[in-house]
Amino acid sequence: MKIHSNHPYHLVDYSPWPLTASIGAMTTTTGMVLWFHKNEMYLLYLGMFILVLTMYQWWRDVVRESTFQGKHTIKVTKGLKLGMILFIISEVMFFISFFWGFFHSSLAPTIELGMTWPPKGIKTFNPMEIPLLNTMILLCSGMSVTWAHHSLMNGMHSQTSKALFTTVTLGILFTMLQVYEYKEASFCISDSVYGSSFFMATGFHGLHVIIGTIFLAVCLMRHMMYHFSKNHHLGFEAAAWYWHFVDVVWLFLYISIYWWGS
């Protein structure tokens, strides 16, 4: 006998994915230890494979619940929005720790660094070259994702597709330029606190750009399959918030590390 609920909340069904995600995370971290100490990567690859499969199937189930089963009511949507906001706030705190470390070292360089910033021997990037181009690319992508959002809210399907495709393309271009910049770098992550601060901050931002690009690419595919409507597009809204967060973090990175710090 089927029981009909009289509440707007979503009580999730039994799912194997939290268990497989835990197994994947444990395998990945164990594989990283094996990689660091014995330079063997097979366990790391296995863990990442388990995690990718889990993520695909878990998010597939969430899409089914929201799009086809109607379980994302107004009450549930409000909760998910709050969850996304809190997640972005936690990410802000994550990057604040990198900025804190950078300014702690740069505002009062120790005698080990030669009491100068950047430390002697570090040849920094010219902020007017690739970093400035990447800034323009991310600012343009912020405009295009806003264009996509407004087009979606106005029921303009074709415009939304074009704007989302533009944003994803710009995200991929940013990543390619950052990879090129890393290859051309004259210093590495082990070159004093400057190298550590630079690669940790910009590297994690680059990882967030890749995640955001995948997030928006999935939204583009879902949009092409008519999963979103004017009033119900939480998946895209969360992706847009995340992308704007990535934009703002890059502006702070560019001003503090590339421009002021060099």
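Remember, it's a predicted structure, so these values are computed and weren't measured experimentally.
Considering only heavy atoms from C-beta on, L139 stays 4.5 Å or farther from M143 through its side chain. In this structure the side chain of L19 never reaches within 4.5 angstrom of the side chain of P16, judged on heavy atoms.
The hydrophobic cluster containing Y242 also contains L251, counting ILVMFWY residues as joined when their side-chain heavy atoms lie under 4.5 angstrom apart, directly or transitively. Note on Y254 and M176: same hydrophobic cluster, where clusters join Ile, Leu, Val, Met, Phe, Trp and Tyr whose side-chain heavy atoms are under 4.5 Å apart, directly or indirectly. Criterion: ILVMFWY side-chain heavy atoms under 4.5 Å apart, direct or through other members. Under it, L177 and M128 are part of a common hydrophobic cluster. Cluster annotation: M153 and L164 are assigned to distinct hydrophobic clusters (Ile/Leu/Val/Met/Phe/Trp/Tyr, side-chain heavy-atom contacts under 4.5 Å, transitive). Cluster membership check: I172 shares its hydrophobic cluster with M136, using side-chain heavy-atom separations under 4.5 Å among Ile, Leu, Val, Met, Phe, Trp and Tyr.
Between the CD1 atom in I137 and the OG1 atom in T169 there is a gap of 11.5 Å [rounded to 0.5 Å]. Remark: T160 OG1 to H149 NE2 distance equals 9.5 Å, nearest 0.5 Å. Going from atom CG of L152 over to atom NE2 of H232 covers 11.5 Å, rounded to the nearest 0.5 Å. Taken to the nearest 0.5 Å, the CG atom of D13 stands 6.5 Å off from the CD atom of E65. Between atom OG of residue S197 and atom CZ of residue F103 there is a gap of 10.5 Å, rounded to the nearest 0.5 Å. Put simply, NZ on K120 and CE on M115 are 14.5 Å apart, with the number rounded to the nearest 0.5 Å.
Ring pair F94/F98 is perpendicular by interplanar angle, where above 60° counts as perpendicular and below 30° as parallel.
Considering K75, K78, K71 as possible partners of P8, the one that fulfils the side chain to side chain contact (heavy atoms under 4.5 Å, CB included) test is K75.
Counted by atom type alone, W243 and S141 present one or more donor-acceptor pairs between their side chains at under 3.5 Å. A donor-acceptor contact under 3.5 angstrom links the side chains of W17 and D61, judged on distance only.
Checked against a 6.0 Å centroid threshold, the rings of Y258 and F198 count as neighbours.
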Inset, instruction - For N134 and L138, run side chain to side chain contact (heavy atoms under 4.5 Å, CB included): C-alpha distance rounded to whole Å, both residues' side-chain angles, the deciding distance at 0.1 Å, then the answer. - result: CA-CA 6 Å; N134 265 345; L138 271 193; over 6 Å; no
Inset, instruction - For W241 and M84, run side chain to side chain contact (heavy atoms under 4.5 Å, CB included): C-alpha distance rounded to whole Å, both residues' side-chain angles, the deciding distance at 0.1 Å, then the answer. - result: CA-CA 9 Å; W241 290 353; M84 190 66 194; 3.9 Å; yes
Inset, instruction - Carefully, step by step, assess L234 and K81 under the rule side chain to side chain contact (heavy atoms under 4.5 Å, CB included). - result: CA-CA 8 Å; L234 176 62; K81 282 182 179 179; 3.5 Å; yes
Legend entry - CA sep, side-chain torsions, deciding dist, call: R60, V63, side chain to side chain contact (heavy atoms under 4.5 Å, CB included): CA-CA 5 Å; R60 176 205 62 192; V63 169; 5.8 Å; no
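Legend: residues meeting side chain to side chain contact (heavy atoms under 4.5 Å, CB included) with S66, ordered by chain and number and at least two apart, are H72, R222. Partners of F199 according to the ring-ring contact (aromatic ring centres under 6.0 Å, His included) rule, which considers only residues two or more places apart in sequence or in another chain, are Y182, F187. Residues that satisfy the side chain to side chain contact (heavy atoms under 4.5 Å, CB included) test with M156, not counting sequence neighbours, are S151, N154, Q159. Evaluation of the side chain to side chain contact (heavy atoms under 4.5 Å, CB included) rule for Y180 yields I130, E184 as partners, not counting sequence neighbours.
Remark: H104 NE2 is loosely packed, at most 12 non-hydrogen atoms of other residues, nucleotides or ligands lying under 6.0 Å away. With a 6.0 Å radius and a threshold of 12 heavy atoms from other residues, nucleotides or ligands, W259 has its CH2 atom at or below the threshold. Remark: F165 CZ is loosely packed, at most 12 non-hydrogen atoms of other residues, nucleotides or ligands lying under 6.0 Å away. The 12-atom threshold is exceeded at CG of L107, counting heavy atoms of other residues, nucleotides or ligands nearer than 6.0 Å.
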Output a table of donor-acceptor pairs, distance under 3.5 Å, between side-chain atoms of residues 204-221 and any protein atom two or more places apart or on a different chain; print 'none' if there are none.
{"from": "H205", "atom 1": "NE2", "to": "V246", "atom 2": "O", "distance (Å)": "3.0"}
{"from": "H208", "atom 1": "ND1", "to": "F204", "atom 2": "O", "distance (Å)": "2.6"}
{"from": "H208", "atom 1": "NE2", "to": "E91", "atom 2": "OE1", "distance (Å)": "2.2"}
{"from": "T213", "atom 1": "OG1", "to": "V209", "atom 2": "O", "distance (Å)": "2.7"}

For residues 38-56, please give each side-chain donor-acceptor pair under 3.5 Å, one per line with the distance, not counting sequence neighbours.
{"from": "T54", "atom 1": "OG1", "to": "T20", "atom 2": "OG1", "distance (Å)": "3.1"}
{"from": "T54", "atom 1": "OG1", "to": "I50", "atom 2": "O", "distance (Å)": "2.8"}

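Pairing each heavy atom of P18 with each of S22, the nearest pair is O-OG, 2.9 Å. Of all non-hydrogen atoms in F236 and V145, the two that sit nearest each other are CZ-O, 3.8 Å. For P131 against W250, the heavy-atom pair with the smallest separation is O-CZ2, 3.9 Å. Closest non-hydrogen pair, A201 versus F95, comes out as O-CE2, 3.8 Å. The shortest heavy-atom contact between C140 and L170 is C-CD1, 3.8 Å. Taking both residues in full, the closest heavy atoms of W147 and T166 are given as CZ3-OG1, 4.4 Å, listed atom of the first, atom of the second, then distance.
Q178 places a side-chain N or O within 3.5 Å of a backbone atom of T202 that can act as its donor or acceptor partner. Using a distance-only test at 3.5 Å, with no hydrogens or angles considered, a donor-acceptor pair links the side chain of S186 to the main chain of K123. No donor-acceptor pair closer than 3.5 Å links the side chain of S105 to the backbone N or O of F102. Side chain of H233 to main chain of S229: a donor-acceptor pair is present (N/O by atom type, distance under 3.5 Å, no hydrogens or angles).
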